Amino acid sequence: MRTVRILNLYGEALGLNGDEKNITAFEQRLDEMGYDHETVTAEVGDEINFDGFDVVFLTHGKPHIVSALSEHFVKYKEHIKEQIEKGKPFVVTGSANMLLGKSFKMLDGKTYEGIGFLDCTCEEFDGLYVSDALLVPEFAPEEKVFGVY
């Protein structure tokens, strides 16, 4: 049986609020289905080759950590976009989504580059309001999705 290979991108740096449990749950589900799996964590400074993996996890972290990772992540911009466009699953949660947009601005005014896969820019703010994340999905325009950052 083939082994499912999982890339946990910046797992130690980004693991916030138990988000690493997403990977644990994924691994447990693979176990239940009878699949072998291997999880590899890649951190800043590691050379990353996405080709050998079946799924990539990029979980959320504190915004200042995400901004510190952006320079390393952006080095792989073309390769990441190519992988996503080929259909490789990327599970991206919370603040890590900032890396997929065009750019993001931090409270100190500094702007960081994203990979430009998503047509958006982000800005850190000092507050939390549910109405700041009101979405209308294209696939279900009658639905409204509320979220918080």
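Only this structure's heavy atoms are used, side chains among them; waters, hydrogens and symmetry mates stay out. On a predicted model such as this, the values are computed, not experimentally measured, just so you know.
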Across all chains, not counting sequence neighbours, the salt bridge (charged side-chain N to carboxylate O under 4.0 Å, His left out) partners of Lys110 are none
Not counting sequence neighbours, which residues clear salt bridge (charged side-chain N to carboxylate O under 4.0 Å, His left out) with Glu38? List them please. Arg5
Take a 6.0 Å sphere around CD of Glu82 and say whether it holds more than 12 heavy atoms from other residues, nucleotides or ligands. yes
Measuring only between side-chain heavy atoms, which start at C-beta, is [X] closer than 4.5 Å to [Y]?
{"X": "Thr41", "Y": "Leu7", "answer": "no"}
{"X": "Asp51", "Y": "Gln83", "answer": "yes"}
{"X": "Asp36", "Y": "Val4", "answer": "no"}
{"X": "Leu69", "Y": "Tyr112", "answer": "no"}
{"X": "Asn8", "Y": "Val40", "answer": "no"}
{"X": "Thr39", "Y": "Phe26", "answer": "no"}

Using the rule side-chain contact (heavy atoms from CB on, under 4.5 Å), only one of Ile23, Leu30, Val55 pairs with His37; which is it? Leu30
Tell me the side-chain hydrogen bond (donor to acceptor under 3.5 Å, both in side chains) pairs involving residues 113-122, sequence neighbours left out? Lys77-Glu113, Lys102-Asp119
Under the side-chain hydrogen bond (donor to acceptor under 3.5 Å, both in side chains) definition, can you give me all pairs with a residue in residues 64-75, not counting sequence neighbours? Tyr10-His72
Side-chain (Ser103) to main-chain (Gly114) donor-acceptor, under 3.5 angstrom: no
Who passes ring pair (Phe, Tyr, Trp, His ring centres under 6.0 Å) against Phe117, sequence neighbours left out? none
Test of understanding: with ring pair (Phe, Tyr, Trp, His ring centres under 6.0 Å), list the residues that count as partners of Phe53, not counting sequence neighbours. none
Could you tell me whether Lys88 and Asp54 have a side-chain N and a carboxylate O separated by less than 4.0 Å? no
Mind checking whether Leu107 and Met98 sit in one hydrophobic cluster, side chains of I, L, V, M, F, W, Y counted as touching below 4.5 Å? no
Between Phe90 and Phe57, ring centroids under 6.0 Å: no
